[in-house]
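One structure is given below, encoded as structure tokens.
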Amino acid sequence: MAEVATLARPYAKAVFEIAKGANALDHWSRMLDVLGSVAEIPKIRRLLDSPDLPDEQKAFRLLEICGDELDDRARKTVQVLAHNKRLDVIEEIREQFEELKAQDEKVLDVEVISAYPLTSEQQDRIQSALGQRYQREVNLSSRVDRQLLGGAVIRAGDTVIDGSVRGKLDKLAETLQRT
């Protein structure tokens with residue numbers, strides 16, 4: 001959702017600058033992960049979405065659940081989000097923070113979804129090719145999706161390379177429908 005991304009962007013950038021300035025990117029990454037994980041628990045999500053509860057009380061309950069996992073700066077960040085009625089963008093802030101962190105560290109997270117398990121040689125070749133293309137260290141993860149029939153889908157940042165048989169068949173069907 002573009003609106004949520006737009007709302008979260010200034011907070012993610014501010015948190016990133018604070019973390020980078022304090023040489024605490026990993027620490028903030030863990031804290032945002034805790035916040036995002038807690039905020040996505042269905043019961044907590046309902047609490048955060050409730051119009052009946054004041055935002056300051058929502059923040060208090062969220063901080064209470066997170067306990068000692070957050071430092072004072074993270075607690076203040078949550079309070080600022082509550083004050084500005086932006087508690088609903090915590091997960092997006094976490095995602096954007098992780099993207100900024102990866103860019104800063106010159107790391108690219110890549111997911112390969114294939115019809116069959118990749119051999120270690122295939123993983124190494126994909127990792128090497130993407131590392132050269134993007135001039136970054138590549139963290140590769142892979143999973144199997146039998147519905148692809150054959151081939152693979154590669155997600156590298158905002159780029160999606162669909163080399164799956166399913167994707168090619170879908171494109172062919174789309175082309176045939178247009179003619």
Side-chain angles (χ1 to χ4, degrees), residues 1-17 19-20 25-26 28-30 32-46 48-51 81 84-179:
M1 185 190 291
E3 184 178 327
V4 172
T6 302
L7 294 173
R9 189 169 295 115
Y11 297 103
K13 286 182 178 179
V15 168
F16 177 77
E17 292 302 322
K20 186 163 173 68
L25 289 173
D26 289 334
W28 271 93
S29 184
R30 284 188 299 278
L32 288 171
D33 194 41
V34 167
L35 267 172
S37 296
V38 169
E40 291 303 309
I41 296 170
K43 187 174 182 179
I44 304 304
R45 174 58 37 212
R46 284 191 300 276
L48 294 176
D49 291 341
S50 171
L81 290 170
N84 294 324
K85 301 187 182 310
R86 295 290 183 250
L87 287 172
D88 59 333
V89 300
I90 287 174
E91 180 59 22
E92 182 66 25
I93 291 170
R94 186 196 67 76
E95 288 177 19
Q96 289 187 26
F97 176 88
E98 290 301 326
E99 288 175 19
L100 291 168
K101 181 177 178 266
Q103 287 173 3
D104 185 67
E105 294 174 341
K106 303 276 190 226
V107 174
L108 180 64
D109 290 326
V110 175
E111 179 184 30
V112 179
I113 306 161
S114 58
Y116 300 96
L118 297 175
T119 66
S120 58
E121 180 184 318
Q122 290 169 323
Q123 288 181 8
D124 290 344
R125 285 198 337 245
I126 292 169
Q127 196 168 12
S128 176
L130 291 173
Q132 288 176 357
R133 178 176 180 185
Y134 291 105
Q135 297 297 303
R136 292 186 180 177
E137 178 185 330
V138 174
N139 287 334
L140 188 76
S141 65
S142 64
R143 66 180 169 92
V144 174
D145 181 352
R146 299 273 186 213
Q147 292 183 351
L148 294 179
L149 304 176
V153 176
I154 300 173
R155 296 175 199 258
D158 292 339
T159 304
V160 177
I161 303 166
D162 189 347
S164 69
V165 172
R166 167 69 59 206
K168 290 176 183 179
L169 288 173
D170 289 345
K171 277 185 184 177
L172 178 62
E174 186 180 313
T175 302
L176 290 173
Q177 285 177 351
R178 278 192 248 148
T179 58

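Side chains included, hydrogens not; waters and symmetry mates left out as well; all remaining heavy atoms used. Residue numbers run from 1 in the order of the sequence given.
Scanning for side chain to side chain donor-acceptor pair (under 3.5 Å) contacts around Glu91 gives Arg94, with sequence neighbours left out. Under the salt bridge (Lys or Arg N to Asp or Glu O under 4.0 Å) criterion, Glu111 pairs with Arg143, not counting sequence neighbours. Partners of Gln123 under the side chain to side chain donor-acceptor pair (under 3.5 Å) rule, at least two apart in sequence or in another chain, are Ser142. Under the side chain to side chain donor-acceptor pair (under 3.5 Å) criterion, Ser29 pairs with Glu98, sequence neighbours left out. The side-chain contact (heavy atoms from CB on, under 4.5 Å) check on Ala8 picks up Val89, Glu92, Ile93, Gln96, with sequence neighbours excluded. Shown here are the salt bridge (Lys or Arg N to Asp or Glu O under 4.0 Å) partners of Glu105, two or more places apart in sequence or in another chain: Lys101. Listed by chain and residue number, Asp55 satisfy the side-chain contact (heavy atoms from CB on, under 4.5 Å) test with Lys85 (two or more places apart in sequence, or in another chain). Every residue meeting the salt bridge (Lys or Arg N to Asp or Glu O under 4.0 Å) condition with Asp104, not counting sequence neighbours, appears here in chain and number order: Lys20. Scanning for salt bridge (Lys or Arg N to Asp or Glu O under 4.0 Å) contacts around Asp49 gives Arg45, with sequence neighbours left out. In this structure, Ser141 has no side chain to side chain donor-acceptor pair (under 3.5 Å) partners at least two apart in sequence or on a different chain.
At least one side-chain heavy atom of Val112 sits under 4.5 Å from a side-chain heavy atom of Leu140. Side-chain contact between Tyr116 and Leu148 is absent, with no heavy atoms from C-beta onward closer than 4.5 Å. When side chains are defined from C-beta on, Ile113 counts as touching Arg155, because their heavy atoms get closer than 4.5 Å. Residues Asn139 and Glu137 have side chains in contact (heavy-atom distance under 4.5 Å, counting atoms from C-beta outward).
Classification of Glu17 and Lys13 as a salt-bridged pair fails, no side-chain N sitting under 4.0 Å from a carboxylate O.
Here the closest non-hydrogen pair linking Val144 and Pro117 is CG2-N, 3.6 Å. Closest heavy-atom contact between Phe97 and Trp28: CZ-CB, 3.7 Å.
Rounding to the nearest 0.5 Å places CZ of Arg30 at 10.0 Å from CG of Asp33. Atom CD of Gln135 is separated from atom CG of Leu108 by 12.0 Å, given to the nearest 0.5 angstrom. Atom CG in Leu118 sits 10.0 Å away from atom CZ in Arg125 (nearest 0.5 Å). Here Glu40 contributes atom CD and Leu35 contributes atom CG; the two are 11.5 Å apart, rounded to the nearest 0.5 Å. Ile90 contributes atom CD1, which lies 6.0 Å from atom CG of Leu81 (distance to the nearest 0.5 angstrom). Here the NZ atom belonging to Lys43 is positioned 10.0 Å from the CD1 atom belonging to Ile41, to the nearest 0.5 angstrom.
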### Query
What do the steps show when you test Asp88 against Leu48 for side-chain contact (heavy atoms from CB on, under 4.5 Å), and what is the final call?
CA-CA 7 Å; Asp88 59 333; Leu48 294 176; over 6 Å; no
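Among pairs with a residue in residues 160-177, those fulfilling salt bridge (Lys or Arg N to Asp or Glu O under 4.0 Å) read Glu174-Arg178, at least two apart in sequence or across chains.
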Which donor-acceptor pairs under 3.5 Å do the side chains of residues 126-134 make with protein atoms, sequence neighbours left out?
unit_1	atom_1	unit_2	atom_2	d
Gln127	NE2	Val138	O	2.6
Tyr134	OH	Thr159	OG1	3.3

